[in-house]
Amino acid sequence: MMALLIRVSKQVQRKSFQNPLLYRLSSECSASRKGPESKEECKWMFGSSQEILAVVRGHVEVRQNFISEEEENVLFKEVETGLRKKRYEFDHWDDAIHGYRETERLQWGVTCESVLRRVRAVAFPEDSPLLGPVHVLDLDKDGYIKPHIDSVKFCGSTIAGLSLLSDSVMRLTPENKSTDWVDLLLSRRSLYILRDDARFKFTHGILKDEESFFSGQKVPRHRRISVICRNLPV
């Protein structure tokens with residue numbers, strides 16, 4: 001079923017100041033933007049113009065260090081059991097993903113279930129019905145995700161994903177104007193949230209390693225596992 005969730009569009013480490021890339025970006029942008037919200041935001045969001053950033057502001061969020069190293073290790077061990085039985089695939093049915101393997105999980109251990117409850121609490125409205133299985137997507141170091149919008153038939157207004165093992169850059173592109181873009185720095189152990197317009201009116205994808213730059217800085221890509229929760233359409 002998860003293969004139906006994606007269609008091709010027409011068209012980070014420990015606390016932030018322990019991550020050299022985040023520290024450098026924070027230092028650079030603090031001089032150019034004013035206000036605590038803007039200074040915090042520019043650590044993880046960068047775009048082609050202030051106008052396009054204004055469009056997505058309030059509809060995207062990246063929470064750095066949402067999980068601890070210990071929680072990441074427990075999550076990894078739990079999902080690796082199912083993933084290691086699969087081979088990486090390089091021919092997705094609609095050409096949206098290259099170099100991936102995936103699985104779904106309904107049952108989780110105590111620690112993982114506690115983490116997922118935190119994800120649900122911060123990402124989704126209290127009364128929002130959630131898609132039952134949690135989607136686990138494993139990208140090879142050379143894997144990437146092309147711009148796409150998750151199927152509105154199966155997914156609701158919000159997508160929330162934990163990033164394990166590697167930093168990466170997610171690019172959002174307006175479906176009707178591909179010259180504009182917004183990049184999100186998804187640091188290792190962070191949580192990203194796409195809501196409403198960012199979910200429905202923008203494609204999203206994960207950049208290849210050779211294209212993985214954020215605000216002019218290289219973001220090396222390694223194997224990356226995302227643990228993704230979605231709500232149901234209403």
K.L.:
State, to 0.1 Å, how close Arg171 and Leu207 come at their nearest heavy-atom pair, and which atoms those are.
P.N.:
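Scanning both residues, the minimum pair turns out to be CB-CD2, 4.0 Å.
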K.L.:
Given side chain to side chain contact (heavy atoms under 4.5 Å, CB included), test Leu139 with Ile206 step by step and report yes or no.
P.N.:
CA-CA 10 Å; Leu139 273 186; Ile206 297 294; 4.1 Å; yes
K.L.:
Going through the checks in order, is the salt bridge (charged side-chain N to carboxylate O under 4.0 Å, His left out) test met by Arg188 and Asp167?
P.N.:
CA-CA 5 Å; Arg188 183 175 180 177; Asp167 298 345; over 6 Å; no
K.L.:
When the side chains of residues 107-117 are checked against the rest of the protein, which donor-acceptor pairs come out under 3.5 Å, sequence neighbours left out?
P.N.:
residue : atom : partner : partner atom : Å
Glu113  : OE2  : Arg120  : NH1          : 2.9

K.L.:
Test side chain to side chain contact (heavy atoms under 4.5 Å, CB included) on Thr103 and Val79; report intermediate values, then the result.
P.N.:
CA-CA 8 Å; Thr103 187; Val79 301; 5.5 Å; no
K.L.:
Should we say atom NZ of Lys86 is surrounded by more than 12 heavy atoms from elsewhere, each under 6.0 Å from it?
P.N.:
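No, because the 6.0 Å sphere around NZ of Lys86 holds 12 heavy atoms or fewer from other groups.
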K.L.:
Might you work through the salt bridge (charged side-chain N to carboxylate O under 4.0 Å, His left out) test for Arg118 and Glu71, ending with a clear yes or no?
P.N.:
CA-CA 12 Å; Arg118 294 204 329 258; Glu71 289 170 329; 2.9 Å; yes
K.L.:
For a quick test of reading the model, state the closest non-hydrogen atom pair linking Ile193 to Val122 and the distance between them.
P.N.:
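Taking Ile193 first and Val122 second, the nearest heavy atoms are CD1-O, 4.2 Å.
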K.L.:
For the side chain of Asn231 and the backbone of Ser157, is there at least one donor-acceptor N/O pair under 3.5 Å apart?
P.N.:
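Indeed, once roles are kept as given, a pair shorter than 3.5 Å links the two residues.
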K.L.:
Run the numbers on Glu175 and Phe202 for side chain to side chain contact (heavy atoms under 4.5 Å, CB included), then give the verdict.
P.N.:
CA-CA 5 Å; Glu175 197 174 20; Phe202 284 72; over 6 Å; no
K.L.:
Between Arg224 and Tyr144, is a side-chain hydrogen bond (donor to acceptor under 3.5 Å, both in side chains) present by the stated rule, with each step listed?
P.N.:
CA-CA 10 Å; Arg224 174 183 183 267; Tyr144 59 96; over 6 Å; no
K.L.:
Could you report the tightest heavy-atom contact between Leu165 and Glu72, atom names first, then the distance?
P.N.:
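It is N-OE2, 2.9 Å.
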K.L.:
I'd like to know if the side chain of Asp142 pairs up with that of Tyr88 as donor and acceptor (distance under 3.5 Å, no hydrogens or angles considered).
P.N.:
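On atom types as modelled, these side chains do not qualify, holding no pair under 3.5 Å.
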K.L.:
Please report the C-alpha distance between Trp44 and Gln64 in whole Å, then the side-chain angles of each, then the deciding distance to 0.1 Å, and finally whether the side chain to side chain contact (heavy atoms under 4.5 Å, CB included) criterion is met.
P.N.:
CA-CA 9 Å; Trp44 53 264; Gln64 311 287 354; 3.4 Å; yes
K.L.:
Identify the two heavy atoms, one from Ala160 and one from Ala123, that lie closest to each other, and give their separation to 0.1 Å.
P.N.:
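Shortest heavy-atom contact: CB-CB, 3.6 Å.
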K.L.:
I need the minimum non-hydrogen distance between Ser168 and Val219, along with the two atoms involved.
P.N.:
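Heavy atoms of Ser168 and Val219 come nearest at N-CG1, 4.1 Å.
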K.L.:
Which heavy-atom pair separates Gly47 from Leu53 by the least distance, and what is that distance?
P.N.:
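Heavy-atom minimum between the residues: N-CD2, 3.7 Å.
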K.L.:
When His204 is tested against each of Val182, Asp150, Leu184 for side chain to side chain contact (heavy atoms under 4.5 Å, CB included), which residue passes?
P.N.:
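That would be Asp150.
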K.L.:
Enter the distance from Asp196:CG to Leu194:CG here, rounded to the nearest 0.5 Å.
P.N.:
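Between atom CG of Asp196 and atom CG of Leu194 there are 10.5 Å.
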K.L.:
Is a donor from one side chain sitting under 3.5 angstrom from an acceptor on the other, for Arg230 and His135?
P.N.:
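Looking only at side-chain atoms, His135 and Arg230 do form a donor-acceptor pair, the distance falling under 3.5 Å.
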